[in-house]
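Down below is the structure, laid out as structure tokens.
Whatever order the structure lists ligands and atoms in, that order sets their numbers, starting from 1. For reference, positions follow the sequence shown, starting with 1. Reckoned from all heavy atoms, side chains included, excluding hydrogens, waters and symmetry mates.
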Amino acid sequence: MLLLAVRLRWILWDVSQSFVLRLAITMFTIVLVYTVAQVNVFTCLPDSTCLPLSTANVTLDESDHRACPLPQYIVLSCALGYLAVAIFLRLPILLKASLLVIMSTVYVLLIELSHIELFTCYDSRVRSVIPLHVLSVVEVLMFVLAVLLHGRQVEWTARLDFLWQIQANEEKREMDALQHSNKRILFNLLPAHVATHFLDNQFRNNMELYHQSYSRVGVVFASITNYHEFYTELDGNNQGVECLRLLNEIIADFDDLLSEEKFKAIDKIKTVGSTYMAAVGLMPDYRILDDDETTAGVHLSTLVEFVFSMRERLLNINENSYNNFMLRVGINVGPVVAGVIGARKPQYDIWGNTVNVASRMDSTGLPNHTQVTEEVYQVLKNYPYEFQCRGKVKVKGKGDMTTYFLIDRKQPGTLRVEELNNIRSNANNVNNLNSLYGGVATPLALLHQQHDQMPPSHPQIGGAPRPPRPPRDDLYGGGAAASRTNRLPPLREAVHHMSGNGACESEPLLGGQACKRNGKKASSVEREQELMQQQQPPPSQQFFHQQAPVVPPHKGGCIRQASPETKYHPPWPRTQNPYCGFSPQPVDSIKPYLKPLPKPPGKESPNRHHR
Ligand SMILES: Nc1ncnc2c1ncn2[C@@H]1O[C@H](COP(=O)(O)OP(=O)(O)OP(=O)(O)O)[C@@H](O)[C@H]1O
């Protein structure tokens with residue numbers, strides 16, 4: 001039996017899939033059952049003597065197996081044939097009806113013509129009032145009717161089932177689409193781990209406050225300082241809508257950065273007007289552990305690189321829209337409490353002194369500058385970034401705080417031995433850098449590589465044994481790597497990673513830039529950026545062409561002033577003191593972008609930024 005089952009599985013054609021095959025098998029089975037049931041009826045012989053019951057002993061004469069003393073068996077065998085038709089529920093009603101009509105016709109002819117003697121003999125024996133052949137014909141016809149009605153009912157139910165199934169499938173598809181879009185909204189509204197928390201607990205009491213305390217989180221506030229000057233409500237700009245459109249472009253560009261693999265540890269918190277707020281260290285896999293300077297350094301470096309990328313994006317927008325937006329950034333690190341507030345339009349936010357101070361670092365900072373706290377400086381001081389002590393800054397509620405300006409990434413040639421060693425000890429396998437960040441050994445590439453090779457948020461990271469160091473030349477020194485890293489590394493070479501279809505949960509709700517990128521539909525800005533990279537020095541260099549504002553008088557108290565020997569001299573021309581002689585660059589003085597821009601549509605604002 002088992003063998004037969006196995007053999008049957010080898011049959012290539014599926015009986016349930018082929019209607020014709022199914023029909024052929026069904027018909028064959030019905031005919032077989034019918035034939036077996038009727039063979040005795042056709043061959044039976046009437047009793048030649050046909051004596052009355054009182055005189056004749058009606059017994060089955062075993063010597064003649066064709067004797068048929070009780071003609072009721074003929075009707076019963078007919079019913080057996082009908083049952084064979086009735087059990088095949090999926091047989092179309094027309095076929096059923098045809099078969100039944102044929103069967104009943106054969107029977108009626110049999111009863112009324114060929115085997116009538118049997119019935120008359122029986123009638124004479126039992127002296128029946130109604131002749132048995134009439135009763136038999138009525139029974140045969142009624143049975144046909146019953147089987148036909150049953151067949152019709154079954155077919156009607158099957159058709160209804162089929163329609164319901166189609167409807168159910170359609171509704172399920174719609175429900176899936178709705179669920180997917182709800183998930184997408186939720187995952188755009190809240191960080192993935194928080195959204196997952198709410199989805200997992202959706203059937204419980206979801207009025208409970210979601211909150212989470214973190215001992216160390218990097219917080220960044222980035223404000224477009226002169227956006228309010230740009231924003232005007234005029235008939236020409238559709239009552240300010242065109243200005244908002246540009247702000248939306250800028251914020252969407254910043255959001256777009258977050259879909260890059262290297263910034264996966266960063267969470268956007270919100271935008272407040274033209275201020276962008278983000279944090280690192282909130283995701284469970286990328287938490288900054290207490291007393292773990294390695295993860296702190298890696299994550300804060302990511303935040304710093306994010307700021308560099310934001311500046312590049314803004315610079316690009318400036319060039320495309322003939323504007324002069326300036327980014328003022330503040331970064332702080334420390335404990336925060338994260339939570340989701342509100343039953344309607346819930347908002348994920350972070351609170352705490354760390355956030356207040358980060359905001360103050362922004363508000364007390366300078367346009368085109370990144371101001372960081374002492375804590376951030378302490379974490380990043382041995383990383384390849386150049387800081388300049390600003391001095392004491394009055395911060396509301398905190399008094400005087402020593403702050404630092406993040407100047408730029410350090411050039412490989414200007415790195416001090418201990419900084420170089422620090423990077424080298426972080427970079428376990430420099431050869432793999434060829435596949436990271438477009439093959440450029442950027443500080444973040446080094447740090448990320450080191451971070452990717454260690455389990456996330458593991459306290460033993462720093463203490464893990466390291467493989468042998470690569471030769472010094474491989475890092476920043478000679479060979480091809482050296483020629484690549486001679487200038488500031490172009491961050492734009494990073495590859496955009498997006499997961500597959502499932503990633504559309506994190507796909508932006510509006511605009512869908514990340515998916516467009518994934519679908520290789522690069523925006524015009526991106527294409528222009530690529531062209532720009534070929535034509536111009538990296539944007540991070542151009543950023544420093546803009547003159548910086550004068551630093552307010554320092555009050556001293558710096559831990560470390562940038563000493564002349566460690567001071568970084570970039571290869572491109574810049575003012576001697578970046579904080580002197582700032583005069584906001586007038587819009588007219590900005591050189592038009594080298595590549596001819598697409599013509600602005602007739603009535604639209606010239607400030608409109610085209611993607
Ligand atoms: N979660 C947050 N989102 C946005 N901004 C925040 C957040 N938490 C704090 N801030 C900002 O940090 C700044 C400092 O806050 P703090 O509570 O120290 O002072 P404040 O007296 O309330 O501020 P202000 O006088 O500027 O209104 C405020 O400007 C506040 O807007």
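In the model, Y404 has no side-chain atom that pairs as donor or acceptor with a side-chain atom of Q378 under 3.5 Å.
By the 6.0 Å contact criterion, CG on D176 is enclosed, its count of non-hydrogen atoms from other residues, nucleotides or ligands being greater than 12.
For ligand 1, the protein residues placed under 4.0 Å by at least one non-hydrogen atom are F221, K270, M277, D349, I350, V355, N356, S359, R360, K396.
No side-chain heavy atom of T370 sits under 4.5 Å from any side-chain heavy atom of V220. Side-chain contact between D267 and L258 is absent, with no heavy atoms from C-beta onward closer than 4.5 Å. Proximity of Y286 to K264: side-chain heavy atoms (C-beta onward) are separated by under 4.5 Å at one or more points.
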Pairs of donor and acceptor atoms involving the side chains of residues 270-277, under 3.5 Å and at least two apart or interchain, shall be tabulated with distances.
unit_1, atom_1, unit_2, atom_2, d
K270, NZ, D349, OD2, 2.6
S274, OG, I224, O, 3.4
T275, OG1, S223, OG, 2.8
Y276, OH, D255, OD1, 2.5

